[in-house]
Protein chains: 2
Amino acid sequence: MNTEETKYEDCIIFLLAKAYQKAHGNFKKRLTAYGLTPIQHLILEALWLEDGQSAGDIGKKLVLDGATLSGVLDRLAAGDWIKKEPDPDDKRIIRIFLTKKVRGLRPKLSEERNQANDEIMRRLSLEEKVLLKRLLRDIQG
Amino acid sequence: MNTEETKYEDCIIFLLAKAYQKAHGNFKKRLTAYGLTPIQHLILEALWLEDGQSAGDIGKKLVLDGATLSGVLDRLAAGDWIKKEPDPDDKRIIRIFLTKKVRGLRPKLSEERNQANDEIMRRLSLEEKVLLKRLLRDIQG
DNA sequence: AGTATTCATTTCGTATACAAACTAATTTAA
DNA sequence: TTAAATTAGTTTGTATACGAAATGAATACT
């Protein structure tokens, strides 16, 4: 049904990769001043919404592979952003808590993220922004 | 101007990351049967359009960092997909040529990619597909 | 010519990503 | 109640990704 040759510039996988690459790179640069990476920041965001989540909870919400998450959490703990504590009722589970180092940083980091978002979509109208988000969500199902 | 707290689920960086993750994972699975990765395939595509391009040419077209490209080309050469030959006129430049191993594979790989594209966007109408591609291109500038 | 600069690519270090194998703890079932 | 299956998390191995430094080659400048 769809056998014509499509150049890679028209391939949705390529377009998503490059758009993500651009967005990620932009945010990454903004975060270097804080010593954080975009994914590390994402985990802090999740913990701001609910502190003490298990590693598995976080992975499920952020759609992060366990193997990936394990390393990210290690680096966050090494940087004293979080503390890992085994759940007293089920010692398989590790609960993640924010440290005091993170206090007061939330507004600044949110502002950076909002600016990054704005810059990435600066060429789009408000309708287009809303639509793009909707389409990306539809893709993930 | 944009100081309200946005949950990460509404963050364009997050949405792009997850949509890309899904698309990439889908295509990656399809390609394992061939022993290729999505990026390796992308480079073959670029060479099908024009064989003998330099590493720099390929990097520019595919928006790939030189450091990244170097490793990918090494692995492609190790798998006998490509051959690296220094340009006779400028020995700084390395030209990349497809090997005979790739012959006849193009239609199959294109079909896999088209199927991956279709599956990723299966929930979208034709108009939405066109629009999504346009918006992603707009983001890249 | 000889030196400085620029250019193409590689190397190194760090950080995602994910499959697969592994450990340890809990639950299920026989 | 003990063996089997499941679950949570880590480890290992491979593949992007990219900044920064290094290498080697070509060009520019004096």
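Each chain gets a letter, A, B and so on, in the order the sequences are listed, and its residues count up from 1.
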Open item on the list: With a 4.0 Å limit, can you tell me whether B/Thr37 has a side-chain N or O closer than that to the phosphate oxygens OP1/OP2 of D/dT16?
Closed with: yes

- [ ] Select base, sugar-phosphate, or nothing to describe what B/Gly56 touches, counting heavy atoms under 4.0 Å on all strands.
- [x] sugar-phosphate

Task: Side-chain N,O (A/Gln40) to OP1/OP2 (C/dT16) below 4.0 Å - done: yes

Open item on the list: What is the separation between atom CD on B/Gln53 and atom C1' on C/dT9, rounded to the nearest whole Å?
Closed with: 16 Å

Open item on the list: Judged by each residue's nearest nucleotide on DNA chain D, which is more toward the 5′ side, A/Ala17 or A/Leu69?
Closed with: A/Leu69

Task: Salt bridge present between A/Asp138 and A/Lys133 (N-O < 4.0 angstrom) - done: no

TODO: Measure distances between side-chain N and O atoms of B/Arg92 and base N and O atoms of C/dT9, and say whether any donor-acceptor pair falls under 3.5 Å.
DONE: no

Open item on the list: From the set C/dC18, D/dA8, D/dT11, return the single nucleotide nearest to any side-chain atom of B/Lys28.
Closed with: C/dC18

Task: Closest to the A/Ile93 side chain, choosing from D/dA8, C/dT11, C/dT9 - done: D/dA8

Open item on the list: Can you measure A/Asp74 atom CG to D/dA8 atom P for me and round it to whole angstrom units?
Closed with: 19 Å

Task: Sugar-phosphate, base or nothing in reach of A/Asp89, heavy atoms under 4.0 Å - done: sugar-phosphate

TODO: Give the nucleotide from the list C/dT10, D/dG9, C/dA19 with an atom nearest to the side chain of B/Ser70.
DONE: C/dT10

- [ ] Compare the minimum distances between each of C/dA15, D/dG9, C/dC18 and the side chain of A/Asp65, then state the nucleotide with the smallest one.
- [x] C/dC18

Task: Centroid-centroid under 6.0 Å between B/Phe27 and B/His41 rings - done: yes

Open item on the list: Less than 4.0 angstrom between a side-chain N/O of A/Lys84 and OP1 or OP2 of D/dT10, yes or no?
Closed with: yes

Task: Residue-phosphate contact under 4.0 Å: B/Thr68 side-chain N/O, D/dA17 OP1/OP2 - done: no

TODO: Send over the distance from B/Lys91 NZ to D/dT27 P, rounded to a whole Å.
DONE: 12 Å

- [ ] For A/Ala67, report the nucleic acid contact type (base, sugar-phosphate, nothing); a contact means any heavy atom under 4.0 Å.
- [x] base

Open item on the list: Would the distance check show the side chain of A/Arg106 and the main-chain N or O of A/Leu44 forming a donor-acceptor pair, the cut-off being under 3.5 Å?
Closed with: no

Open item on the list: Need to verify one output field. Residue with the more 5' nearest nucleotide on DNA chain C, A/Val63 or B/Lys60?
Closed with: B/Lys60

Task: d(CG, A/Leu42; C1', C/dT16) in whole Å - done: 12 Å

TODO: Considering non-hydrogen atoms only, spot the tightest contact between B/Arg123 and B/Glu128 and give its length.
DONE: O-OE1, 4.1 Å

Task: Given C/dT9, C/dT16, D/dT16, the nucleotide with the shortest approach to the side chain of B/Ile39 - done: D/dT16

Open item on the list: Using every non-hydrogen atom in the two residues, find where B/Asp74 and B/Lys84 come nearest and quote the distance to one decimal.
Closed with: OD1-NZ, 2.8 Å

Task: Between D/dA17 (P) and B/Ile58 (CD1): distance, integer Å - done: 15 Å

Open item on the list: Would you say B/Tyr20 places a side-chain N or O within less than 4.0 Å of OP1 or OP2 belonging to D/dA17?
Closed with: yes

Open item on the list: What verdict does the side-chain contact (heavy atoms from CB on, under 4.5 Å) test give for B/Lys108 and B/Glu112, after you've listed the backbone C-alpha separation in whole Å, the side-chain angles of each residue and the deciding distance to 0.1 Å?
Closed with: CA-CA 6 Å; B/Lys108 277 183 204 163; B/Glu112 292 286 357; 5.7 Å; no

TODO: Assign each of B/Val72 and A/Asp57 to its nearest nucleotide of DNA chain D by heavy atoms, then name whichever residue's nucleotide is nearer the 5' end.
DONE: A/Asp57

Task: Separation of atom NE2 in B/His24 from atom P in C/dA19, rounded to whole Å - done: 11 Å

Open item on the list: Looking only at the side chain of A/Leu64 (C-beta and beyond, no hydrogens), which of the listed nucleotides D/dA20, C/dA17, C/dT26 gets closest?
Closed with: C/dA17

